[in-house]
Protein chains: 2
Amino acid sequence: MDRLLQSVKININEKIYVKDPESSDLGRRIIEESILMIHDMGFESFTFKKLGVKIGSNESSIYRYFENKHKLLLYLASWYWGWLEYQLVFATNSISNPKEKLEKTIEIVTKGTEEDSSFSHINEVLLNKIVINEYSKSYLTKEIDAENKEGYFIIYKRLVTRISDMIKAIDADYPYASSLASTILEGSLHQYFLRDHFPSLTDCHAKNAPTAYFLNLVFSILIPKTK
Amino acid sequence: MDRLLQSVKININEKIYVKDPESSDLGRRIIEESILMIHDMGFESFTFKKLGVKIGSNESSIYRYFENKHKLLLYLASWYWGWLEYQLVFATNSISNPKEKLEKTIEIVTKGTEEDSSFSHINEVLLNKIVINEYSKSYLTKEIDAENKEGYFIIYKRLVTRISDMIKAIDADYPYASSLASTILEGSLHQYFLRDHFPSLTDCHAKNAPTAYFLNLVFSILIPKTK
DNA sequence: ATATAATGATAGTAATGCTATTATATTTGA
DNA sequence: TCAAATATAATAGCATTACTATCATTATAT
């Protein structure tokens, strides 16, 4: 990825954290190590106590950054979607042809993250895997409506809206632009999960196969209509 | 639904339970009330202790049926998918035209469950909502590969395979039959979730709108190719 | 009537998810 | 440069969870 990304700070809703983890060394270590730990042990087994031991700090200190591990997950997910959105906007901004633009977009949001920018403390490859395995848990809760109202999911929603708008730009009459956009994002994560754990339920085995699958899907739906 | 369903017992992998909940009154009450409680309070807040209080029984007695609440969720999900599979086979068995058959299938698996059979102790309407909100949590775990090997997900996998086979029957050359099948099942649950909590991310607002969305999607992809 | 199985009651344990308090560094800015 | 403010660390404590174990009681089946 472009080195420029390094200097861009992903803007995350301040209500998600108690204290901005980007504002201190401890905060950055919390983010850095939590990604490694959640990836290793899964979100359920991950605790602030264990994280404290790992970063040589104290449980109570971590609570000064995040109310609980659910909020930390919301933070990591927001960061990931913000990072993806940045890449998307950066890569498609100059494309004026609507079809090309959507193609590029699908490519970006469905390709697996394979290399770490290795500039920041955030390992994007592992974060992508965390999003695949844990993102649903961040919204499949009883608190979803309240948290949505607080704006904890704006970045994700904005991303879906961007894709939806591009779909509409190609076919203004297609009545399911938002559903299709959300299917691409969600469905892509799901296909990667299936590839790793239920290989018989997917055809996406090769590298970046979800991209080919969704490109075929989307343009089978949209293009014939515009002819 | 047909009254016949009443007499059919959904066959669930014996490893999921310690003692078959269908084999006793207490077992049936565990299933019946757990559905109500998980629907009400969400899977996270639900505990065997609370369930015990609700059914006027003891925590330890419930542990004689299910090792833990995760296994109970696997049981409920398997029952749901088995029930859906039964409906699907029942309704499509006699259809020989591949397109009609897939149409009917999509209709069945994407339509929201609106009425309870009210014959058994299982409330299918609430169970459908539980599947929408909690099913992902049953497989997004670190134990997934071991549990898959134990066969805890066979019914779900069989269902996806059935749909995949029907897709292949229409277009043998379409290279993503399994991915499309899994997208229909998963995506449908997701669209219902979005409808209830992120309405701006979906176009499926009307009753059974996911059915229309997926019918359009699938046949835009498959039919043009066969012409 | 007796053995067997199912259920209920009670207790206990380690871990989790916090909160609170106090002590000790570290930073900063007057 | 020193005091004040701020950040972090250490320790303790508490309610709840997710169990396990034991023993008593109650059906049921032979």
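We name chains A, B, ... by the order of the sequence lines, and we start the count at 1 in each one. Worth saying up front: this structure is predicted, and the values here are computed from it rather than measured.
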Rounded distance in Å - [atom1] ([X]) to [atom2] ([N]):
X	N	atom1	atom2	value
A:D25	C:dT27	CG	P	11 Å
B:F43	D:dT17	CZ	C1'	13 Å
B:L26	C:dA5	CG	P	18 Å
A:I55	D:dT8	CD1	C1'	11 Å
A:Y63	D:dT8	OH	C1'	16 Å
A:R28	D:dA7	CZ	P	14 Å
A:R64	C:dG17	CZ	C1'	16 Å
A:K69	C:dA15	NZ	P	15 Å

When we call it a touch if two heavy atoms are under 4.0 Å apart, what does [X] touch: a base, just sugar-phosphate, or nothing?
X	result
B:S57	sugar-phosphate
B:F66	nothing
B:T47	sugar-phosphate

Open item on the list: Quick check: on DNA chain C, is the nucleotide nearest B:N58 upstream (toward 5') of the one nearest B:G27, or the reverse? Name the residue that is more 5'.
Closed with: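 So the residue in question is B:G27.
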- [ ] For A:E44 and for A:S60, find the nucleotide of DNA chain C with the closest heavy atom, then tell me which residue's nucleotide is more 5'.
- [x]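 Final value for this comparison: A:E44.
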- [ ] Report yes if a donor N or O on one partner sits less than 3.5 Å from an acceptor N or O on the other, where the partners are the side chain of B:E59 and the base of D:dC19; otherwise report no.
- [x]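 Yes, a donor-acceptor pair under 3.5 Å.
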Task: Presence of donor-acceptor pair under 3.5 Å, side chain of A:S24 and base of D:dA7 - done: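 There is none.
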Task: Any side-chain donor near an acceptor of the partner, B:T183 and A:Y213, under 3.5 Å - done: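 Yes, a side-chain donor-acceptor pair sits under 3.5 Å.
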Task: Close side-chain approach of B:I132 to B:D196, heavy-atom, < 4.5 Å - done: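 Not in contact.
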Task: Side chain proximity check, A:V18 to A:R64, heavy atoms < 4.5 angstrom - done: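 No - every pair of side-chain heavy atoms lies 4.5 Å or more apart.
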Task: Between B:Y156 and A:F198, ring centroids under 6.0 Å - done: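 No, too far apart.
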Task: Check: B:Y80 ring centre within less than 6.0 Å of B:Y135 ring centre - done: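 Distance test on ring centres: not under 6.0 Å, no.
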Are [X] and [N] close enough that a side-chain N or O sits under 4.0 Å from OP1 or OP2?
X	N	value
A:Y65	D:dT8	yes
A:K19	D:dA7	yes
A:S61	D:dA9	yes
B:K50	D:dT16	no

- [ ] Provide the Watson-Crick or G-U wobble partner of D:dT30, both distances under 3.5 Å; none if there is no partner.
- [x]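 Its partner is C:dA1.
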